[in-house]
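See structure below.
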Amino acid sequence: MSKRIPTYSIERKKARWGWMFVAPTLIFFSLFSFYPIFNALYTSLFKKKLLSLKPPDFIGLGNYSYLFKSPDFWNSIRATVVFTLGTFIPLLIFSLIFAIFIMSRKRFQNFFQIAYYSPAVLSSVVAAVIWLLIFDPRGLGNQWLNLIMNSPGIDHKWLANSVMVQMSTMLVYFWKYVGYFTIIFIVGLASIPQSIYEAAKIDGANDWKNFWYITLPLLKPTTILVSIISMLQCLRTFSTQYLFTQGGAPLAPINVITLNIYNTAIRDHRIGRASAMSIILFVIMLLFTWVQFKSSRADEISY
Amino acid sequence: MSYTLQRKRNKINRQSLVIDVFIWAFLILAALFILAPTIFMFTASLMPANDILKMPYRWIPKGFYLQNYWQGIRGNDGTFIYIRNILNSLIVASAVAVTTVMFSALAGFGLAKYYFKGRTLVFMIIMATMMIPFEAIMIPLYLVTTKLGIQDSYAGLIAPFLVNAFGVFLMRQYFITFPDEILDAARIDGASELMIFRTIILPNSIPAIATLAILTFKAQWDNLLWPLLVVQSEEMKTIPLYIVKFMAEKHTDEGAMMAVAAIASIPILIVFFKLSKYFLGGAALYSSRKG
Amino acid sequence: MKKLFTIFLFVLLLSMIVNSATAMEITFWTHEDPNRTEIEDRYITEFEQANPGVTIKRVTSGSGQIQELVLTAFAANQGPDIFNMSIEDEYAYIANERLSPVDFEAAGYPSLQAIYDAYIPGVLDPVTYKGKLYGLPLELTNWCIYLNKKVFKDVGLDPEKDYPKTWEEMVEVSDKIALREGEIVNRRGFDFRYPYYLVSMVPMVEQLGGKLISDDGKTAIVNDEAWLKFLKFMQEWGPNGRNLGSPTYTNARKLFNKDNNDIGMCLTGLYQQGRIRSDNADFYNSGEWMVVPFPKFENAVKDVPAAYYGHYYMVNGQKPEENQQMAWKFLAYMLSHPEEYLTKVNIVQPTVELMNSETYKSMPYSDVFTDDMAKGHVVYYGENSAEIQSHIREAVESVMLAGVSPEDALQTLKRKVQEVLDEV
């Protein structure tokens, strides 16, 4: 009789049930997530044009080496990085400020939360058409900015100037998601027990010290969470840039990676190169998530 | 009370009053800024197009110019296809919400409460699918869809979204906290695993289910890229596609454009205001992850 | 009784099989145009009555989306039976041999040559490939300048005499017409037809002596000086120059029909008349609009008007033989009504018969269009025309909006278009 660790039939039965519960989802992911991504990886090794009936040419890493030498691709990386940083930093700062301010009020907390969150509920297509009107030279954007800066008649070229158009896309994103991240911070703030503040008070700390030495450090995991989620979202941005360029805005300043992938595949028919870009984007996002996973593991907060 | 102490008290009171006013002003101004575009959309939808881009913008429309809504629903070809498109969005978003909840609950339950070899690996693989950008797989997905012959149909719109990793994560997170004793007690009483799932787990997970259903519904309502690829006929378009089409056709009729946008937003806004705790709860659940 | 019943069942089954064998569905994808939809739906009904067992399914999409839809469908080998787009977008399908050659018998012609004879010389060249013909023209279009007489009179100009004949005059006239509030332009004199650079802007470069592609097809962007002049002109036009217009304002031709005192001129084709008539009949009937030829630069080396482009109906080569034949039969039937296409939709089928007909000659300003078309040439078409057009777009946008110098933009453009050429 060979040495075998006895596996109890109950546990085996439970293990089988575990698999059965998970199986439908796994099958689905195999067909609709794994197969396509491997297909994309495979396609990225070929020079393939979308309409061609001829068998594609195998070029190995040719697409990748082209991309790494292509100024157009690096422009997309630049556009994506600028967009990501330019969006998530204000998002982080303002959502934290809003959360603290809201929590310090005794009334209307719910009203503010709902008001700030509401743009996230609108579809991004709706948001884009609204903002296209606001950014029209005759629209609210110019009117309000001119009012604030007391500069009547100036066209701030929201969609026409290459720096402004990038800021316009960031503004739309910020507007849409600041409420969402405010809520996350509110929950994070609420989970800090009052007892800590009371203890600090006894030790003579005032509000400012409280904030710097207690609140902020204890918010670190939430902060990291907000950063990573918002960065990942920003990396995937598509609708705003797509709809703005359809509406006449210049392409180059806001040619983020996802839009570049779409255009390379659909406008230029270069499916091999587009697949290579997608794989690169996929790797970037994997890296970000790995970083998040590591940091959220490392920061188990105990009071 | 001594004179200096009273003065110090007054000074502190004044300081905190100033801070108070500042905070209120900040919050209110921010609220105005954030709400303004949505309000703009609604007011603009009630004005004739020529008034919308007049400077300065008249926030209060002169009358209820409902022709915009009529034109929006009627469409530029007069076929009222928008109504069908709204219906399509409703059907697809609801179906995806239902399947996502079902599959996520099943998978989340399996991952949370059952120990099997490779469980962690399976979980990590599922989480990895969150990383796959849609543009990376859209063409292969399209090929799969056409091979199955389901393009330009409800099945084609729903299929790639039957379940997603976020849903599995959410459900698993929720089920982990479910006390094992209740499950074991049920097992001793002779209940099968499926029965336990149906009669104990599901009814007691309404908050998580509701949150997931609402978030999924909202995400599908908003989906542009996939329908852009897979829908070919006017009848099967969803709301975002209709908006894009409308924008391209009659870019100048801003009034009708805003009316179309308003019509697309009213249902989801109503759901939001009525069930706001589930929307806000979704964000909260995200932040309560502890590994 | 039983026997009778079995025979009955047998006959029923047989008839069902026969019916399904002859039941053919032809899918027909085209871009939206309410006037054309009306008449083509009628042709479909008539054709289906004359050809029982055949159903035609007609689907319209926005003109900005149909390229993607047809592309993704063909990429999955699921393209429609019939489709049409502008030739720059269609050519890739010919070059990749995805199409069915014209079946002249099914289309009712005695020979292939007869088809060529029926049309104006040269218009079938873009769809002739390796000796075979791959499309039948739905329309041939060129663009001229429509102007709103009221706007001209408003600034004291006489539309009949003072309309711009050169691009330099266009700048001056537009400046006069422009109504501004600070930097914001509320009324523009003219604005370009921005996404369509191959049709409307390459000819401007050609007027200055430049070329998009050299005659031997090997070199991109010929004659730097001409291109630089053109880019500088566009820079002057835009918000960083004299602020006369920009791609970010609403399309001029979409504003024109409304007659809302916010645009003076626009660049568009004969079909615009049909749209004016249906959008704003009062404006159409008032006669307060007219059409003038495409302007030239003052020191133009060549007299080149806007390029003309065609929409051709094409048939999917991957469908069964019978489908292809029926598709060509149906197309020929639809296209046998050129006068109705002209009067109801305002699009011109370039048949010899139509161009010489009274109906055509009596359309307002058709002579302006005809004259310009005779001087012009077809738009650049090639397997990568969409990509090349996007590079031109980027060059123009970068000098107009991003402050890039024309020299730098030209270098980038040269490099990019050369790369596309070298690949093929």
Side-chain angles (χ1 to χ4, degrees), chain A residues 43 47-54 57 66 69-72 75 132-133 135-139 141-143 146 151-166 168 242-255 260 262-271 273, chain C residues 64-65 67-72 74-77 79 89 92-98 180-186 194-195 238-240 243 246-251 262 317-318 383-384 386-391 393-398 400-404 409 412 415-416 419-420 423-424:
Chain A
T43 312
K47 184 176 170 171
K48 182 157 185 239
K49 298 214 71 177
L50 212 45
L51 274 183
S52 166
L53 286 172
K54 298 189 277 233
D57 302 318
Y66 173 86
K69 286 190 269 187
S70 151
D72 180 70
N75 177 51
L132 272 174
L133 278 184
F135 286 143
D136 186 290
R138 295 158 289 169
N142 275 338
Q143 288 178 36
N146 286 339
S151 55
I154 302 289
D155 178 11
H156 296 278
K157 306 196 179 91
W158 299 91
L159 296 174
N161 174 289
S162 70
V163 171
M164 285 304 290
V165 72
Q166 293 182 64
S168 302
Y242 174 75
L243 288 162
F244 275 14
T245 50
Q246 292 281 66
L251 178 62
I254 53 176
N255 194 9
N260 199 337
Y262 181 82
N263 279 332
T264 307
I266 301 291
R267 184 197 64 201
D268 302 343
H269 304 194
R270 292 179 206 277
I271 186 73
R273 191 180 294 171
Chain C
Q65 282 120 50
Q67 295 95 334
E68 293 158 14
L69 291 172
V70 175
L71 176 71
T72 41
F74 268 90
N77 295 317
D89 296 318
Y93 295 85
I94 302 180
N96 281 296
E97 303 188 357
R98 304 298 300 251
R180 297 199 182 88
E181 205 172 306
E183 291 177 349
I184 301 170
V185 190
N186 279 323
Y194 285 106
N240 295 316
N243 197 15
S246 139
T248 54
Y249 284 95
T250 316
N251 271 316
D262 48 17
Q318 282 178 307
E383 204 183 328
N384 293 307
E387 201 177 343
I388 294 182
Q389 178 157 255
S390 69
H391 294 320
R393 171 184 170 168
E394 198 183 316
V396 173
E397 280 175 355
S398 63
M400 269 182 102
L401 306 174
V404 174
T412 316
R415 177 173 54 80
K416 286 192 163 168
E419 202 184 293
V420 173
E423 232 189 345
V424 174

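First the proteins, then the strands, lettered A, B, ... as listed; each starts at 1.
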Query raised in the report: What part of C/T72 is in contact with chain A, defined as an atom under 4.5 angstrom from a non-hydrogen atom: side chain, backbone, both or neither?
Result: side chain
**Report entry** Pick from C/L71, C/N240, C/D89, C/N243 with the largest number of heavy-atom pairs that fall under 4.5 Å of chain A
**Finding:** C/L71
Requested in this report: Let me know if A/T245 has heavy atoms under 4.5 Å from chain C in its side chain, its backbone, both or neither.
Outcome: both
Query raised in the report: Of the listed residues (A/A249, A/S162, A/A160, A/A252), which shares the most heavy-atom pairs with chain C below a 4.5 Å separation?
Result: A/A160
Query - Which atoms of C/R415 approach chain A - backbone, side chain, both or neither, heavy atom under 4.5 Å - result: side chain
Query raised in the report: If you tally heavy-atom pairs under 4.5 Å against chain A, which of C/Q67, C/E394, C/R393 wins?
Result: C/R393
Query raised in the report: What's the verdict on salt bridge (charged side-chain N to carboxylate O under 4.0 Å, His left out) for C/E387 and A/R270, showing C-alpha distance, side-chain angles and the deciding distance?
Result: CA-CA 10 Å; C/E387 201 177 343; A/R270 292 179 206 277; 2.6 Å; yes
Query raised in the report: Contact part of A/K54 toward chain C, heavy-atom cut-off under 4.5 Å: side chain, backbone, both or neither?
Result: neither
Query raised in the report: Between the side chain of C/R98 and the main-chain N/O of A/L51, is any donor-acceptor distance below 3.5 Å?
Result: yes
Query raised in the report: Among C/A386, C/P195, C/S390, which has the most heavy-atom pairs under 4.5 Å with chain A?
Result: C/S390
**Report entry** Contacting region of C/V185 [heavy-atom separation from chain A under 4.5 Å]
**Finding:** backbone
Query raised in the report: Non-hydrogen atoms of chain C under 4.5 Å away: do they reach the side chain of A/N142, the backbone, both or neither?
Result: side chain
Report summary line: Bottom line for A/P253: the part with an atom under 4.5 Å from chain C's heavy atoms is neither
Report summary line: Heavy-atom closest pair (A/L53 atom, C/N96 atom, distance to 0.1 Å) is CD1-O, 4.3 Å
Query raised in the report: Is a side-chain N or O of C/E397 found less than 3.5 angstrom from the main chain of A/L251, in a donor-acceptor match?
Result: yes
Query - chain C contact via A/N255 - which portion, at a heavy-atom distance below 4.5 Å - result: neither
Query raised in the report: How about C/N384 and A/H269: do any of their side-chain heavy atoms sit closer than 4.5 Å?
Result: no
Query raised in the report: chain A: which of C/A95, C/G79, C/P247 shares the most heavy-atom pairs with it under 4.5 Å?
Result: C/P247
Requested in this report: Output the distance between atom CG (A/L50) and atom CZ (C/F74), rounded to the nearest 0.5 Å.
Outcome: 12.0 Å
Report task. Under the side-chain contact (heavy atoms from CB on, under 4.5 Å) rule, what do C/I184 and A/Q143 come out as? Steps first, then yes or no, please. Result -> CA-CA 10 Å; C/I184 301 170; A/Q143 288 178 36; over 6 Å; no
Report summary line: Closest heavy-atom pair, C/T248 versus A/G248, reported as atoms and distance to 0.1 Å, is CG2-O, 3.8 Å
Query raised in the report: Side chain, backbone, both or neither: which part of C/E97 has a heavy atom under 4.5 Å from chain A?
Result: backbone
Query raised in the report: To the nearest 0.5 Å, how far apart are CD in C/E419 and CG in A/D72?
Result: 9.0 Å
